[in-house]
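What follows is a short report on a single structure.
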Protein chains: 2
Amino acid sequence: MRKRVNALAEQLLETLEERGYRSTSPRRAVAQVIANQDKHFTAEDLRGQLPLLGRATIFRSLKLLVETGVLCRVLLEDGDLHYQLSHRGHHHHLLCVECGSSQDLLGCDIEELLHQTSASHGFELSGHWLEVYGRCRACSSADKLSELTTA
Amino acid sequence: MRKRVNALAEQLLETLEERGYRSTSPRRAVAQVIANQDKHFTAEDLRGQLPLLGRATIFRSLKLLVETGVLCRVLLEDGDLHYQLSHRGHHHHLLCVECGSSQDLLGCDIEELLHQTSASHGFELSGHWLEVYGRCRACSSADKLSELTTA
DNA sequence: CAGCAAAAGATACTTGGTCTCATTAAGAGG
DNA sequence: CCTCTTAATGAGACCAAGTATCTTTTGCTG
């Protein structure tokens, strides 16, 4: 497990190096921490885990990682913007409002549907932003369980 | 046209009054300005048009209007949050990246599709946020026209 | 038209992020 | 391995959007 995580951090750094960015020690630290994150996080979360890094460095790294596609931004229900690892290109998130976990939404025909619908409004679609909120399997079954036991 | 706009402002105020909020002169001013807006705007835009109102008052009014469902927040492609009139309940926006206009997306089966897709991920859907970006009919035909004439 | 609560205004503060600029450190070339 | 160049960092000022606090004003009800 630990090995895998480090492998992920390595991978993030490689992505940066491929694009001509240096592998500096702050960046290694950021990559390590991000690779360990299991849910979406804010710049502040990162800062808490990397108190020795300058504020600007954290923000610069985040920006870079978003630009290179390593991270993506997720919009919370209240409008807060968080970050999380983006394993693939364009995708959407199923965000659990209870535990804060998120899964990627795959194999969904939404792009197709959006194209059709916007075309019918005379609209030439170029992009979209979609976030989906609800309860993950674990949280919703935990709910049902507690209903049964408290009843 | 002018008459309609004032009627709209009236209507916004009535919505507030129905919920027990007073009709004060700052609120009347805000309602008037919002009713005249033809695209999404920021608090700063409003402030520019209402220089005599306190900053906090503008923000308080916006918040109130969002809570009462008169306004909705729209997410721009770059992550900026703007406001705009919300004529109906839940809906989505087709935002023109060229002229900044927006249309509401109606008669779309997205909710249904989302429900199915998230259920297949074991996810109990409770809400979502969708914004669609592209070119409106006017802008995309203007583009085509200029291509023709410059060719 | 008096009095009270709601709202407004001024302004300090907070959060998330960018800019500037002097200093440090990758890493390429000798 | 050393040197040099340039990218990157850190510190801290700055900014934008929004909230909190506190005093004054204003709608409204009786």
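All chains are named by letter (A, B, ...) in the order of the sequence lines, taking the proteins before the strands, and each is independently numbered beginning at 1. Just so it is clear, the values below take in all heavy atoms, side chains as well, and ignore hydrogens, waters and symmetry mates.
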Determine yes or no for a side-chain-to-main-chain donor-acceptor pair under 3.5 angstrom, with A:Gln103 supplying the side chain and A:Leu94 the backbone. no
Would you kindly give the [atom1]-to-[atom2] distance between [X] and [N], to the nearest whole Å?
| X | N | atom1 | atom2 | value |
| --- | --- | --- | --- | --- |
| A:Arg28 | D:dT9 | CZ | P | 10 Å |
| A:Arg19 | D:dA7 | CZ | P | 18 Å |
| A:Leu65 | D:dA8 | CG | C1' | 14 Å |
| A:Leu53 | C:dT24 | CG | P | 17 Å |
| B:Arg27 | C:dG9 | CZ | P | 11 Å |
| B:Asp78 | D:dA17 | CG | P | 11 Å |
| B:Asp80 | C:dT18 | CG | C1' | 14 Å |
| B:Leu13 | D:dC28 | CG | P | 11 Å |

Tell me whether the side-chain N/O atoms of [X] come closer than 4.0 Å to OP1 or OP2 in [N].
| X | N | result |
| --- | --- | --- |
| A:Ser25 | C:dA25 | no |
| A:Arg22 | C:dA25 | no |
| B:Tyr21 | C:dA8 | no |

Nearest heavy-atom contact between A:His128 and A:Leu114 is CG-CD1, 3.7 Å
Shortest non-hydrogen separation from B:Val33 to B:Leu46 and the atoms involved: CG1-CD1, 4.0 Å
Enter the distance from A:Leu76:CG to A:Leu81:CG here, rounded to the nearest 0.5 Å. 8.5 Å
Rounded to the nearest 0.5 Å, how far apart are OH of B:Tyr21 and CG of B:Leu64?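 If I round to the nearest 0.5 Å, the distance is 5.0 Å.
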Return the nearest nucleotide to the side chain of B:Lys63; candidates are D:dG18, C:dG27, D:dT19.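 Within the option list, the nearest is D:dT19.
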For B:Glu98, enumerate each residue passing the salt bridge (Lys or Arg N to Asp or Glu O under 4.0 Å) test, keeping only those at least two apart in sequence or located in another chain. B:Arg135
Consider only side-chain N and O atoms of B:Ser23 and B:Arg28, and report whether a donor and an acceptor are under 3.5 Å apart. yes
How do B:Arg73 and B:Thr24 order along DNA chain D: which one's closest nucleotide is nearer the 5' end?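 The answer here is B:Arg73.
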Look at the side chain of B:Arg55 and the base of C:dG9, then say whether one donor and one acceptor between them are separated by less than 3.5 Å.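 No.
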Is there, by distance only and without an angle test, a donor paired with an acceptor across the side chain of A:Arg60 and the base of C:dG17 below 3.5 Å?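 No pair found.
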At a heavy-atom distance below 4.0 Å, what parts of residues 41-50 of chain B sit against DNA chain C? none
